[in-house]
Amino acid sequence: MSTEADTMTQSHPFQAEVAELLRLMVSAVYSETEIFLRELISNASDACDRLRYEAIAKPDLLAGDSDLVIRIVPDKDAGTLTVADNGIGMDRQELIDNLGTVARSGTRAFMSRLAEAKDGTGLIGQFGVGFYAAFMVADRIEVTSRRAGAAEPWVWRSSGTVDFEIAPASEAQGARVARGTEIVLHLKPDHKQYLEPHEIERIVRTYSDHIQFPIELKAADAEPRRINAASALWQRAKSELTAEDYKQAYRSLAGAFDEPAMTLHYRAEGRQSYAVLLFAPSTQPFDLFDPARKGHVKLYVRRVYITDDAALLPPYLRFMRGVVDSEDLPLNISREMLQNNPQVAQMRKALTGRVLGELETLAKDEAAFAKAWEAFGRVLKEGLYEDHERRDQVLALTRFTTTKGEGVRSLAQYIADLKPNQTEIYYLVGESVDRLKANPKLEAARARGIEVLLLTDPVDAFWTALPLGFQGKPLKSLSQGAVDFSLVPVVDESKGPEAEDAKPEGVDDATVIAAVKTALGEQVSDVRASQRLTDSAACLVAGGHGPDRELERLLARHQGSAGTKPILELNMRHPLVQILAKAQTQGRADDVGDLSALLFDQALILDGEVPPDPSGFAARLNRLVVRGLAAAG
Ligand SMILES: Nc1ncnc2c1ncn2[C@@H]1O[C@H](COP(=O)(O)OP(=O)(O)O)[C@@H](O)[C@H]1O
Ligand SMILES: [Mg+2]
């Protein structure tokens, strides 16, 4: 005979990713299983935050039960650990959606990383897997939940295999859960240590002390007692807090698992008062390059969570995590109203200044900053073209890989190492450092020992399009316009323009250049003698105005535009160019044509491009080699 509840029980399969995740959890030999409690408490705290936010508009939701609390109840007889909250709760559909699919982006990142990893257990600690972590310690979980304001409580039940059940809650369950969520874990035999009150207390202190809602422990016959500080960490005095407190708060607020590279905790007083607790990560956050470029600073108003979408920092600081808690904003401010709120705008400005100032302090520790730069530098650099006002400040913070090669360097370091008479800061933009290092455009700079910044991030092509300088020295691309190194002494004497003797008699540069220009026709905008080259025969550069070569390439790829034509620069002392000169004086037009095309194509190849007519390139090369070697043999 079946009861009514039985007939209303429905089975749902887990989303495939969840099933996979659960297989890993169930068999986990992960040593830090205790983090499951942190995850459940963090969810309970979020649920209380969300209820408080919704109750601003609908105070009835709190009726009769306005003290939000998280309760932990170990029951040794039953072998169960219960984590309950009187927060927002979930209705039937929310139980299905939230506890049956992978919704959080952190878990998604975890899953994709898992596919690459041999042993997934090491990743659990790095990413956190939210609610599902509870299956590391429990072989059966029952979630009873009643959405605030809703009549019916529902039960979600699973043993962490392929499916879960949803049913209306029994009368007894419903009576226990007047609002919010109760999670009952049937602990695996080898995880009964989590029923010991002192163990629970230790875990809560370690990971969840900063949770602003009271966490109560109700053990056996004892009265419930509070086991956390239960005040928002950012409201506490700095002097009360340890590095460990900050680390745990960072991890919990940011859903991160690394150490903060930088912690900024202060209270602003004055026109507005607000508490600030911000962190910079030390490893690259997984969603740093999400196209939405969303920020991760949570806005609270007088301890009430409002949103993490208030754009409290500009997008180029979106790697920052944390909380800003305002005393002045109205509680009932809608998320939409925030966009145009002058108080928020003023906060954003002040916060941006503080964060950059703190990064400057961090930058004094070269090694620490190099690591941080690795984590978020590419995003910070977006400030170079987005934040006109603070451009110089961001530029001073920017770190570069350079031809010097020893780790990343600042422009201040670059300037300190300028060569005599060097008045510009040189850079080259391209796809990889190795490619750039092999680029002939570096040759003349190398001969003079001039340092060159090697820029390989996609954003580099964009910010370098702006006229920028540092300490009075303009930044100058080695693949754009004319460069003049003539005042900087040559270090390697064999490579300088002074090695004039190599030049054959009676050949006029202008005639050769004109001949190449005629041969290449529409493919180039100009041909000229190069200042950049010492060893290679030719290179392509962009004109002095308009986009640089790399930007040109990016634009062409994305917009399919043909772009502007490059300038071909020739190394007038190169043997190939001299042979070309000779062919020209002897009136061998075919050879002049082939050699010109060869110079153009190899310059393209050295820039990492494919010649527009590869078969023509091969045919010409073969022709020249066969003719040359036939004569030699
Ligand atoms: N105690 C709870 N009260 C209300 N909703 C909850 C609770 N626990 C979990 N949830 C819901 O389940 C979702 C999944 O939780 P979780 O796996 O920890 O991921 P995350 O917390 O990052 O979203 C939450 O986003 C929330 O919607
Ligand atoms: Mg969670």
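Whatever order the structure lists them in is the order used to number ligands and atoms, beginning at 1. These figures come from a predicted structure and were not determined experimentally.
In terms of heavy atoms, Leu253 sits closest to Lys298 at O-CE, 3.6 Å.
Glu171 and Arg176 are not joined by a salt bridge, as no carboxylate oxygen comes within less than 4.0 angstrom of a charged side-chain nitrogen. The existence of a salt bridge linking Lys371 and Glu374 is excluded, since no basic side-chain nitrogen approaches an acidic carboxylate oxygen closer than 4.0 Å.
Near Leu99, meaning under 4.0 Å from one of its heavy atoms, ligand 1 places the atoms 12 (O). Interface of Phe131 with ligand 1, defined as ligand atoms under 4.0 Å from a residue heavy atom, comprises 16 (P), 17 (O), 18 (O).
Here the straight-line distance linking atom CG of Asp65 with atom CG of Asn86 works out to 4.5 Å at 0.5 Å rounding.
In terms of polar-atom proximity, Gly130 is not counted as a contact of ligand 1, lacking any N or O under 3.5 Å from an N or O of the ligand. The distance criterion of under 3.5 Å between nitrogen or oxygen atoms is met by Asp85 with respect to ligand 1. The shortest N or O to N or O distance between Asp46 and ligand 1 is not under 3.5 Å. Not a single N or O atom of Tyr132, backbone or side chain, sits closer than 3.5 Å to an N or O atom of ligand 1.
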Original post:
Ile41 and Val204: side-chain contact (heavy atoms from CB on, under 4.5 Å), yes or no, with the steps?
Top reply: CA-CA 9 Å; Ile41 290 173; Val204 169; 3.8 Å; yes
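Of the listed residues (Asn98, Leu21, Leu51, Ile70), the one carrying the non-hydrogen atom nearest atom 27 (O) of ligand 1 is Asn98.
Identified under the side chain to side chain donor-acceptor pair (under 3.5 Å) test for residues 311-330, with sequence neighbours left out: Trp234-Asp325, Gln235-Asp325, Asp287-Arg321, Arg303-Asp325, Arg303-Glu327, Tyr316-Asp387, Arg318-Glu382.
Aromatic rings from Tyr274 and Tyr300 are positioned such that their centres are separated by 6.0 Å or more.
Checking Ser42 against the Mg ion (ligand 2), every N/O/S atom stays at or beyond the 2.8 Å cut-off.
For Met90, the closest heavy-atom approach to ligand 1 falls below 4.0 Å.
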